[in-house]
Structures are given as structure tokens and as C-alpha cells.
Amino acid sequence: MYRYDEFDREFVAARVDQFRDQVARRLDGELSEDEFKPLRLMNGVYLQLHAYMLRVAIPYGTLSGRQMRMLGHIARTYDRGYGHFTTRQNIQFNWPRLTDIPAILTELASVEMHAIQTSGNCIRNVTTDHFAGVARDEIADPRVYAEILRQWSSLHPEFTFLPRKFKIAITGAAHDRAAIQVHDIGLQLKRNDKGETGFAVYVGGGQGRTPMIAKLVRDFLPEQDLIAYTEAILRVYNLYGRRDNKYKARIKILVHETGIDELRKDIEAEFERIRDGVLHLPKADIEAIDSYFAPPQWRDLPDHSEKLEAARKADRAFDRWVANNVDEHRAPGHAIVTVSLKPVGGPPGDATARQLEVLADLGERYSHDELRISHEQNVILPHVAKDDLPALYEALKAEDLATGNAGLIGDIIACPGLDYCALANARSIPVAQRLSEHFEATGQEQEIGDLKIKISGCINACGHHHVGHIGILGVDRKGEEFYQITLGGSADEHTAIGEIVGPGFSADEVVGAVGKIVDTYLGLRQSREETFLDAWRRVGQQPFKEALYG
Amino acid sequence: MKIITANRLSDGVVVYLTANGWVSHIASASVLHAADAIEAGLAAAARAIANREVIDVAAIDVTLNESNHPVPVRLRERIRAYGPTVDYGEAARQRLAA
């Protein structure tokens with residue numbers, strides 16, 4: 001894992017001191033709220049419905065046991081005993097006092113964490129595949145490049161006041177687990193026919209009120225040009241991006257209004273001007289960062305584990321958990337474990353202080369001191385020996401962390417919605433809770449297979465509803481919560497924006513409506529292997545419309 | 001019929017204006033009927049902003065319940081007043097484990 005160097009340590013410490021001073025000046029009246037608000041937002045501090053909210057960065061979703069334990073400590077000491085993991089692989093604390101936040105940031109800095117650039121019109125936390133470094137289909141570890149981009153973008157003076165926020169995602173494999181095509185910049189690692197490592201570069205994707213799929217701006221960018229090309233894109237955006245209307249200020253609107261071919265000319269011209277300057281990445285620098293992400297010393301194990309197979313035969317719940325929550329690892333005898341934070345009837349993505357601390361312990365004991373946060377709001381233990389899976393499962397079960405539903409219909413992405421968020425129009429969490437309870441009660445979850453439900457409480461789409469196989473958007477209709485359903489969205493290498501199926505449903509009706517959609521799918525699929533998305537692409541909206549609206 | 005609400009500067013807690021300052025329980029909020037009373041309430045809130053007591057002030061619509069206590073008309077404000085409609089943290093975990 002990456003460790004801070006002197007520069008990192010100094011700038012984070014300086015920023016904490018600066019913010020402590022800013023909070024003191026706000027409390028003694030030297031700064032007005034208008035002056036203070038942009039400063040607190042630059043440090044991840046929002047004002048939500050009930051209290052301040054602090055969003056802490058987890059760079060590319062990777063953290064150590066020590067860091068995870070610190071998140072538990074903060075939840076216990078300064079908040080109400082829990083945290084909420086987000087679709088940007090970050091964590092949010094919902095109840096901190098403003099007066100405590102400098103102390104929280106000091107504690108975070110002691111474990112090389114911070115909240116810088118988790119808000120504001122700047123380059124946000126770069127997200128990656130949560131299976132980075134261990135997936136069998138990977139070209140290269142995307143975290144190496146995410147870390148290079150983190151170093152380049154942190155406190156970058158030219159890009160601190162962009163027209164709007166800017167999000168970058170990287171996938172290390174052709175199969176996209178990082179939703180790169182709905183990001184401002186999406187990078188897909190690939191090799192050219194000479195065997196050189198580089199990226200396909202996508203630009204102008206995004207969700208929100210105007211969802212757009214990113215356009216391919218360059219088919220192959222050599223890895224040593226990563227920063228120069230990214231800087232060229234940001235410069236063109238900073239110059240031409242709209243600042244007159246915040247709803248038209250993202251780069252996706254610039255791409256849409258200008259056209260990708262015209263914009264590509266500007267980007268390539270700027271790139272040619274700067275590519276051989278200080279932003280050129282020497283091979284040695286890439287290798288130096290790469291060494292931080294060197295794989296741990298995996299045990300020399302046979303791929304087949306008798307212990308695992310015997311335990312699967314003895315315990316059906318464990319067998320189901322392995323089938324759904326355990327993925328192939330590149331090292332023989334090892335596995336990737338997804339710890340679902342989607343208990344049936346629970347708030348998606350939440351973990352209690354104790355659960356955070358236990359996860360820290362389990363990461364240290366079973367996963368070479370490494371944990372990940374997925375954009376699907378789960379925790380990943382990336383390096384577990386197959387022989388250890390039964391013991392790990394028992395330890396997770398004791399902490400109510402062994403829900404075996406990863407990738408199934410109960411593994412729902414949901415934003416905090418109107419229960420917490422000042423922007424939301426409708427609640428998300430109760431809908432997610434009732435949906436997971438419904439499909440648990442019907443016993444259909446395993447039968448349904450791969451089906452992603454994503455729920456947002458407003459058009460800002462923090463719950464990624466546009467790319468849910470079934471997307472649910474909460475709206476306010478004359479003071480009542482209503483839910484609009486979209487079908488056919490996807491956030492993988494075949495990214496698609498879901499299509500609105502028809503008029504929305506009341507809070508009382510929405511679970512039943514999703515039930516009808518699922519029953520329709522089960523009735524028309526050609527085999528168990530035909531997923532919901534495959535079936536929808538084959539038959540289109542009509543059968544679902546008929547089921548919902550007669 | 002309105003009440004004046006804000007968030008306390010130091011900790012962000014939701015508060016309501018009464019004749020004796022700001023309180024965190026909506027039941028005690030001063031219910032303002034006339035336009036000049038609402039205007040006076042907002043003027044008091046502006047002074048509280050200047051005194052660094054509160055931020056994010058708003059006058060919100062309410063009705064009265066059987067106990068004659070104000071209840072916000074909008075769901076958003078009811079959630080602000082009474083807290084999330086879902087349990088969280090250890091309470092949620094205990095419920096799920098039961």
C-alpha cells in the first residue's frame with residue numbers, strides 16, 4: 001500500500017492547522033458563513049438536514065487495518081457510532097460537531113487520511129476497481145495510476161476552482177468494475193500491439209440530471225503521458241466549461257455541446273504542447289509508485305482447498321455466502337471476499353463502530369492488512385486464503401456481517417436520501433430496506449441471480465439510479481414522495497442509461513412495482529443463465545410496461 | 001402559520017426559535033401567525049446569525065397537533081424535526097439481529 005512521504009505528511013498537517021484556524025475564526029466571528037462555507041466544503045464538511053456531515057477520502061478505496069480502526073474510533077468518539085460508505089469509495093460521518101472536526105482531522109492525519117477534495121469544484125477522489133491487484137482478468141493494477149493522479153491533483157492550484165466537480169475512474173481490466181463510462185474521465189488500462197501499457201481514455205460521462213455516457217477521446221494513451229493528457233483535458237474544460245449555469249457546467253455538457261471531434265482537437269493540441277515537459281512520467285517514477293502496490297507474500301497453496309469444500313458441504317448458509325460473496329483471486333489457494341453491508345432490512349452501506357473495528361482486525365488477520373471499499377458500498381477483503389474462509393465467515397457472522405447477497409437483488413446501492421441529505425426530495429433507505437425484506441420473504445433472491453437495483457433520492461443521482469438494471473429515482477410530487485423506475489441501465493463495459501418505464505409510483509406502491517418487474521423477468525427469461533439485463537435487452541420495455549400498467 | 005428554524009453553528013443541531021432563544025425541541029417553538037410576527041422572528045434570527053449562534057435560517061409552514069404543538073407541513077422539515085425515519089448504528093444492528 002502507498003505510504004505518505006514527507007511532502008504528503010506536511011501538506012496534510014498544514015491543511016489541518018489551516019482548517020483549525022478557520023474554524024476558530026468562524027466561531028469568533030472573524031469569518032462570516034459566506035466566507036467560511038467554501039472553506040469548510042474544501043475540507044469535506046457539509047451542512048445536512050440534522051447536523052454537519054464529514055466526508056473522509058479513502059483514496060481509490062484502499063485502506064489498512066489501522067486506518068479502518070481509526071474510522072471506527074471516529075464513529076465511536078465523535079459521531080453516533082456508525083459511518084456510511086459512499087459510491088465514491090469514501091466514508092461519511094453524519095453527526096460531527098463543527099468544533100470537533102479539527103480534532104477529527106488531526107486523528108485522521110495520524111493514519112495518513114484526510115478529507116481534502118471530497119467536496120467542491122475540484123478533482124475528487126479517483127476511484128478504481130475494488131478488485132484491483134487481485135483480479136485474474138487485470139492488465140495492470142489501476143491503483144498505481146490512481147495514486148499518480150492523486151499526487152498530481154492534490155491541491156493543484158490550476159484546478160481548485162473548476163466550473164464544477166470533476167470525477168475520474170480507472171479500471172484495470174476490459175471488464176469494467178469501476179463504472180468508468182459515467183465519469184468525467186474514464187480510463188481503461190490496456191496494452192497495445194507492441195505490448196506497451198496505456199489507457200483508452202473516455203471523457204464526458206456522468207449521471208445527475210443529464211446522464212451521459214462518456215465518449216472515447218483516445219484509443220491508446222501511453223502510460224507515461226497520463227498526467228499530461230489528463231491536464232490537457234482539464235485545461236480545455238477549465239477554459240471552455242460553462243460557469244453561467246451550474247446544471248450545465250460539467251464536462252459532459254461541454255462534450256455534448258461542442259462535439260467530441262472538435263474537443264479532441266483542442267485536447268490533442270494542448271497535449272502536444274505539454275507532453276514532453278515536466279508532466280512526462282519517467283518509467284522509473286511509475287515503477288517507484290508501482291512498488292508500493294506490490295502484492296503481499298501470498299502463501300504457497302494449492303488452488304483447491306479441502307477444508308473449504310468440506311465446510312461448504314456442511315453448512316448451506318456458508319455455501320451460499322461463498323457462491324455469492326467470494327471471487328477468484330489471481331494467486332492459487334486464495335480468494336477475494338466481499339463483506340456485504342446490505343443486511344436484509346438494513347440501511348445500505350452503513351457499518352457500526354464495532355463492525356469497523358472488527359473489519360480492521362479481520363483485514364489484519366486474514367487479508368494481509370488490506371481492505372477495500374467498493375463503489376457498491378461494500379467492504380472487500382482482497383487476500384484471503386481459501387483455507388481461512390470458514391473461520392472468517394464465522395467471525396463475520398458473529399458481527400452480523402455475513403449476509404450472502406453480493407451481486408444479488410438485495411445488494412442495493414442507495415444514497416442517504418431525505419433521511420439525511422439536504423438536497424434530497426424523497427427517502428431512499430426505507431425503500432431499499434423494504435425491497436430487501438420483500439425479496440427475502442419471497443425467497444426469490446438466489447433464483448433471480450444478477451440484478452442490480454440502485455436508488456437515488458433526487459436527480460443528482462448519488463445512488464447511481466441511471467445505471468441500475470432497475471433504477472429508482474425519488475421525486476417530490478406536490479409534497480408526496482413518488483418513485484420513478486428506469487430499466488436497462490448498466491455501469492460496466494456495456495454502459496447504458498436506464499429508460500423510464502412509465503409513470504411513477506407512490507412510496508406504498510414502489511416495492512410491489514419492482515416485484516412485478518422481477519416476476520415478469522422470471523416468467524419470460526429463456527433460461528436461468530439469461531440475466532435480467534440480457535432479457536430486457538432481448539424483449540425491451542413492453543412486457544414490463546404491460547405488467548405494471550396493464 | 002410558521003415557525004423559525006435554523007442549525008446551531010457550533011454543532012449543526014436543528015434548532016427552533018422561542019421567545020427565550022433557540023431550543024432543539026420543536027414542540028417549544030414559537031408559532032407565528034401574523035406577517036409582522038414572522039418578520040420579527042426572522043429579524044431575531046438575523047441577529048442570532050450575526051451573534052454566531054445559528055446558520056441556515058428558514059421560516060417553515062406548520063400545523064398544530066392535538067397538543068397544540070407545531071408540526072411541519074413538509075416531510076423534509078418533519079424529518080429535520082424528529083430525526084431520520086430509519087434507525088441507525090447499533091440500534092439498527094440490534095433490530096436486525098433480533
Side-chain angles (χ1 to χ4, degrees), chain A residues 23 26-29 31-33 36-37 45-53 75-76 79-84 94-100 343-347 350-355 399-401 403 416-422 424-430 432-433 476 479-481 507, chain B residues 1-16 22-26 29 42 45-63 71-98:
Chain A
V23 170
R26 174 69 189 110
L27 293 171
D28 73 15
L31 293 175
S32 69
E33 187 61 19
F36 180 65
K37 186 176 175 182
V45 183
Y46 290 72
L47 181 66
Q48 294 287 33
L49 284 190
H50 309 289
Y52 292 102
M53 180 271 279
R76 187 187 300 287
D79 209 85
R80 293 194 179 180
Y82 70 108
H84 173 76
N94 288 311
W95 306 91
R97 297 177 182 87
L98 179 63
T99 47
D100 283 340
V344 176
D350 280 11
T352 68
R354 178 173 166 81
Q355 287 174 327
E399 301 298 331
D400 304 316
L401 287 167
T403 311
L418 191 57
D419 279 299
Y420 293 96
C421 178
N425 293 319
R427 288 171 290 170
S428 305
I429 297 170
Q433 290 174 315
D476 177 346
E480 297 291 324
E481 294 169 296
Chain B
M1 197 173 0
K2 290 184 187 288
I3 60 174
I4 308 292
T5 183
N7 292 80
R8 201 154 56 201
L9 170 64
S10 61
D11 58 10
V13 166
V14 176
V15 288
Y16 298 92
W22 298 89
V23 297
S24 57
H25 300 295
I26 190 172
L42 288 170
R47 287 193 295 278
I49 290 174
N51 289 336
R52 309 182 305 279
E53 291 175 65
V54 300
I55 53 175
D56 226 29
V57 165
I60 61 167
D61 292 319
V62 292
T63 56
V71 176
V73 170
R74 289 183 63 203
L75 174 62
R76 178 186 197 273
E77 291 302 329
R78 290 200 294 278
I79 291 173
R80 277 185 82 240
Y82 309 120
T85 64
V86 292
D87 53 9
Y88 51 77
E90 278 302 328
R93 188 180 166 192
Q94 296 301 328
R95 173 180 58 82
L96 296 172

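Naming: A, B, ... by sequence-line order, numbering from 1 per chain.
For chain A, the nearby part of Arg52(B) is the side chain; its heavy atoms alone come within less than 4.5 Å. Tyr420(A) touches chain B through its side chain: at least one heavy atom from C-beta onward sits under 4.5 Å away, while N, CA, C and O do not. Only the side chain of Asp56(B) comes within less than 4.5 Å of a heavy atom in chain A; its backbone stays farther off. Heavy atoms closer than 4.5 Å to chain B are found in the side chain of Arg427(A), but not in its backbone. For a residue to count as touching a neighbouring chain, one of its non-hydrogen atoms must lie under 4.5 Å from one of that chain's; by this rule Leu47(A) touches chain B with the side chain only. Contact of Glu399(A) with chain B is made through backbone and side chain together, with heavy-atom distances under 4.5 Å. Proximity to chain A (any heavy atom under 4.5 Å) is shown, for Leu9(B), by both the backbone and the side chain.
Within 6.0 Å of atom CZ in Arg78(B), more than 12 heavy atoms from other residues, nucleotides or ligands are found, so the atom counts as buried in its surroundings.
Residues passing the ring pair (Phe, Tyr, Trp, His ring centres under 6.0 Å) test with Tyr46(A): none are found, sequence neighbours excluded.
Interface summary for chain B: among Gly417(A), Ala422(A), Pro416(A), the most heavy-atom pairs under 4.5 angstrom belong to Ala422(A). Most heavy-atom pairs under 4.5 Å with chain B, from the set Gln433(A), Met53(A), Gln48(A): that is Gln433(A). Between chain B and the residues Leu418(A), Thr99(A), Val344(A), the largest count of heavy-atom pairs under 4.5 Å involves Leu418(A). Between chain A and the options Arg93(B), Arg80(B), Arg8(B), heavy-atom pairs under 4.5 Å are most frequent for Arg93(B). Counting heavy-atom pairs under 4.5 Å between each of Gly83(A), Pro347(A), Gly29(A) and chain B puts Gly29(A) at the top. Taking chain A as the reference chain and counting heavy-atom pairs below 4.5 Å, the highest number among Thr85(B), Asn7(B), Asp87(B) is found for Thr85(B). Heavy-atom pairs under 4.5 Å with chain A were tallied for Gly83(B), Ala92(B), Pro84(B), Gly89(B); the largest tally goes to Pro84(B). Ranked by heavy-atom pairs shorter than 4.5 Å toward chain A, the options Glu90(B), Arg95(B), Arg76(B) are led by Arg76(B). With chain B as the partner, the residue from Asp100(A), Asp28(A), Asn425(A), Asp350(A) showing the most heavy-atom pairs under 4.5 Å is Asp28(A).
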### Message
Test side chain to side chain contact (heavy atoms under 4.5 Å, CB included) on Ile49(B) and Ile55(B); report intermediate values, then the result.
### Response
CA-CA 6 Å; Ile49(B) 290 174; Ile55(B) 53 175; 5.7 Å; no
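Taken to the nearest 0.5 Å, the CD atom of Glu77(B) stands 10.5 Å off from the OH atom of Tyr82(B).
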